[in-house]
Structures are given as C-alpha cells and as structure tokens.
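Working notes, beginning with the structure itself.
One-based numbering along the sequence shown. Just so you know, ligand 1 is whichever comes first in the structure, and atom 1 is the first atom listed for that ligand.
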Amino acid sequence: MSAPSTTPRSAVANSVWPRLEPLLPQVAKPIQYVGGELGAVAKDWDTAAVRWALMYPDAYEVGLPNQGVQILYEVLNEQPDVLAERTYAVWPDLERLMRAHQVPQFTIDAHRPVRDFDVFGVSFATELGYTNLLTAIDLAGIPLLAADRGDADPVVVAGGHAAFNPEPIAAFVDAAVLGDGEEAVLEITTIVREWKAEGSPGGRDELLLRLARTESVYVPRFYDVDYLPDGRIQRVVPNRPDVPFRVHKRTTMDLDAWPYPKKPLVPLAETVHERYAVEIFRGCTRGCRFCQAGMITRPVRERSITTVGQMVREGLEFSGFHEVGLLSLSSADHSEIGDMCSGLAQQYEGTNVSLSLPSTRVDAFNIDLAQELARNGRRTGLTFAPEGGSERIRKVINKMVSKEDLIRTVVTAYTNGWRQVKLYFMCGLPTETDEDVLEIAAMAHEVIRAGRAATGSRDIRCTVSIGGFVPKPHTPFQWAAMARPEVIDNRLRLLKQAVNADRSLGRAIGFRYHDGEPSLIEGLLSRGDRRVGAVIRRVWENGGRFDGWSEHFSYQRWVEAAAEVLPDFGVDLDWYTTRERDELEVLPWDHLDSGLDKDWLWQDWQDALGEYEQDDCRWTPCFDCGVCPAMDTEIQIGPTGRKLLPLTPVNGLRVPSDAQQ
Ligand code: SF4
C-alpha cells in the first residue's frame, strides 16, 4: 500500500510503518491510518525541542474535522522547534491486530509511537470518549495509571469541554487544561522546553509542578479528595503548599489574532464534515440553562467580518473545499452576520462554493440569512431548536421561543421554497412531564397544517429529532436529577403515538430519537468524581470501546461495571444520575473555575424551577454571572466596539438598527 507523503516512510526515524503496513489490508478503511493529507505537516524529529501527539479520541472520520485539534496542530507546528502529530482511535479490528503484532498506538503523520512524544494531548468533546482514551494509552505502552508513569512517559493532558470536570479520568491523565487551547499549548510548550533544556531537573514531578503553578493547568495528583460518610465530597484540597486552591480556565480574547485554521486538513477518507469551517465567534450569553458550551465559553468574543472574509478566501484557496461553514454556538447572533452573509454570498455567486450556517435561532432572520447563502442555488437544510415542547418547559430551560414564533418561522421557510425543516428537542429536562413532551406532537402537527395552508402543497415535511438531556457541570442544571431511562423511553413512545394519531399529518413528520440509556451513562461520566474512574476502567477491561457509537455502546456493560465497583464506595449509579444535589453539596468540579459564580448558577437554577427567564446580557445590562469581572474583561461584539444589534427588518432584508439612522 502506498500513501501520499513527501518523505519516504522508511526514512522516518522511529516509524512503525514497516510493521503497520502489512496489517492494513486486513482491516476496514485502511486509508484512515495512512496520513499525508493536504494540510498535514512532516517535521524533523531530532531538531524538535518539544514534541506533541494530539488526539481526538474517536475514529478518523469523526476526529479529523475536529476544529480544536486542527487549530492546535497548526499553532504548535508553526513554532520552529516544536513538532505536533495527530493520532485517532483505531477501530477494534486494527486494535486486535496491533496487540497481536506488538504495534503501538501511532501518529498518522509519521507513524511514530505515541509513547515517544513529550506531551500526549487529548481533546474531549464528549465524555463517551473516555474508554477510547484508555485504549490509546494502553496501546501506546504508557502505564494506564498516571501514578505508575515514569520520566520516559509522555505527559497525558486532557482538554476540550469534558475537561471542565476531568475527575472521572483523574487517575489516567497527568493534567487537564480548562478553556481555550491556543495560548495554553504554547505556555505548556515553553515550560516543557525549559525543563528539558535544564536537563529535566526533579523528573516528572517537577515538570507537573511547574505546569500546576501556572494556575491554569490542573494536575489531579496534587489534590486530595475527602468524602463524607454518606458518599458526598467533603472537600478537595491541594496536598502540597505550592499549587493553587482553584484552577482557572484560559480565555483567548482576540480571535482576530488567532485566525486558525489557515491550512485546513483535507481528509483522504470520508469524514463527517468536508468543508472549511470558520468560527465566527466564541462564547454565548443566551443563557440556555442546559447548555454547557454556552456557559463555559463566556464571554462572547467576535471574529471581525474582515478576518472571517480573509480566512474563507485563504482557506478555500488552500484546501479546494467547496463548502464553507460559518460556525459558532448561535451564528445568527454575530453583530455583523447580515453583512457577512451577503458579502460572502456576493463574492462566491456563480462559483461552486456553498455557504452554510448552523441554524438554531427560531426567527425569520435565520431564513433571510439562509436565503442569502442559497444564492448559488444550493439550499442547505434548516434546523430550528426550540428544545422544549411546551411554553412552560421552554421557560425552565430559558429558551425564549413562543409556539407562534416557531410556527411562523417554519411556515416562512416553506413559503420561501424549503420543503423540509428539522426541529430539535430534548427529553428528560428538569421538571418535565409527559404533557410537556406530548406538546411536541401538537406543535409538529400545527407546523404541517399551517405549512400546507400557506403553500397550498402537501409536499412539505418536518423531522422531529429528540436528544436526551444530560445535566452538565458549570451549568444551572448541575444540581438537577436525571429522569430514568424507562421514563424517557415511555415519553418517547407516547410522543410517537401522538405524532401518528393523525395519519395524514403524521405521514409528513419524521421522528428520530435516542433512547434514554446512553444519556444516563453520559450523565454518570459528566458529573462523576474520581470514584467513577474505576467504572470506566472496568468497562474498558470488559471490552468497552467507541461508546459514542450506538452499535458499540453497551448499556448493560456500564450498569454491570457500576454495580460491581461503586458499592465499595457506598454509592451507586442512581446516586450519580437521578439524585438531585442540594445547594451546600461540594461538587467534584468546584475547585475548577469556569469563571461562572456558583451563587449565580444556584440562583439561575432556582429561577428555572420558578419558570423565570433570564435575558441575554448582550442586549441588556450585565446580570453578574461572574465571568467578565473574574477575567477582567467584557463581552466583545462588533469590531468597532459599537453595538450593532438588535437587527430590524428593512425591505425584507435585516440590517443593524443603527445603520438606519
Ligand atoms: S459578567 Fe455580565 S456581561 Fe459578562 S457574561 Fe456575565 S452577565 Fe454577561
């Protein structure tokens, strides 16, 4: 088998390629292990002062498009004396062969053993990747437990959103970084470079100590957890005098100064996204109470329209992609999104480039934008996310959308030529009843009825997609009880019946859902403490791999492992998942500072139970969530510093209100 590469593989120092290559014809999709994509970087091993292996703990097809890893890969490789290579989770077929033939976990860039690197950085978007982390560490030949590692082993660093509560994997990682990675990886690199140049004084312990002293790298081994007799945490305290009591998240303030990816990776094998993705802003202040990403990435920081335009042009020129995604947590909220979309649409009109915006905001403005982006004749799908079925539950979750707004918006989409829209909801939300969920059916029926009336056509459809709610750390719902899987499954069954109760309408409604079991396990991992690490290990030892994939996930395996392991600690699966926490309980992540004030989060949780809504601080006065003063900053919107919103319609196209004056 040959692979595109500028360096002959046999010439790469310490490459496992000669041993790996004969195995590849025996596995599915061998191309995913070959590397050498456009955008990949091959650097000299010997002249690199610091070497990083970066991992997204899922298969290549999911991992390669991951923006976080692509950005860090590029930022690190831009440093002349730093080398960064990528590794992904290998499928069980290759894992079996690698074990049989003693081939270690390798990077796909130069097929070097992961164990040879200084730092092994793993970015987690979801906790269901934890078992894949254990596979990679074990295949690499690195001791599974951080406590057993020696000076020759890489420092295993976790990042990504799941690192905001790394306690369940505390035994397996040496460190965790909270927040934005661009500057954090360079700071870690500087510390590693200096420590190595000094001759590695004090060994691994000293290096970890230097990292911990930055106050933004969490080193679990330097903290002890004490428990109360009833199983709750009593306290988490440093076990040495020179590490901070709280570890703070990193925030990259000026996104224009970090216009990555500049050279996006172009996959060789099929992946979940094949497009040039630009993050148009980071952070969100809409305040949806279930949304961890929105909470932990505050404050809002916009990338300027000028930088976005330049990134799109250069990214497309470099990659040859035909699709551009303008990404963020709520892209229609960028203060210059109207100008951005019309400008890009104009620039690429008549070309084969298609532009898309993840659509979640339920209002006609989103359709204006989608229309604008569809000038090239390609309509991307429209997705709206009311999240909750009833007005009441939408108040609980702070998703301020009325049923009338939703129906009006979807009907506008149908009358503007869309034949299919997707509506996204969650099931299992705090205080939710069967009636709240059944209102989803009534809403979907009304959407189809109104759509048929407005268009005079029966050729319209909507897909109702339902995800399971998982309470996440650093959100107002971090204290909430989860619903049991059988409750969720029963609600979904009732909902399906209600959707199909009217056959004429039901025929136009697609229904997609996940059952409640994976969500419960995700809930265990999200809000778990160090004791949950023993469950992860047991599941992994019993064959757990790729838990984010329904065909690989085994609920039974998790339930059995929890039942075997947790009673020794006097707790169980229910204790972690379906139990509501009280205000004074020490949460496993309280010593990890996301910037949000815990008192504010508690008040917002009480407001949720009282069905009170909280405004978006972009358009209203600050309500003191704690983030801005904690970071000595403020929300950044508009490159000029002027507030350009709210947007109001003018001649059918929305423009910033102050532009009309
Ligand atoms: S501190 Fe105030 S302005 Fe900053 S994100 Fe929180 S509520 Fe908004």
TODO: State plainly whether the residues E387 and K399 are in salt-bridge range, i.e. N to O under 4.0 Å.
DONE: yes
- [ ] Mind listing the protein N/O/S atoms less than 2.8 Å away from atom 8 (Fe) of ligand 1? Waters don't count.
- [x] C617 SG
Open item on the list: Looking at Y260, I'd like to know if its OH atom is crowded, meaning that more than 12 non-hydrogen atoms belonging to other residues, nucleotides or ligands lie closer than 6.0 Å.
Closed with: yes
Open item on the list: Tell me every residue that passes salt bridge (charged side-chain N to carboxylate O under 4.0 Å, His left out) with R210, counting only those two or more places apart in sequence or in another chain.
Closed with: E198, E206
- [ ] Report the residues that fulfil salt bridge (charged side-chain N to carboxylate O under 4.0 Å, His left out) with D547, sequence neighbours left out, ordered by chain and then residue number.
- [x] none
Task: Under the side chain to side chain donor-acceptor pair (under 3.5 Å) test, residues paired with N398 that sit two or more places apart - done: none
Task: R289 to F477 six-membered ring, cation-pi geometry met (6.0 Å, 45°) - done: no
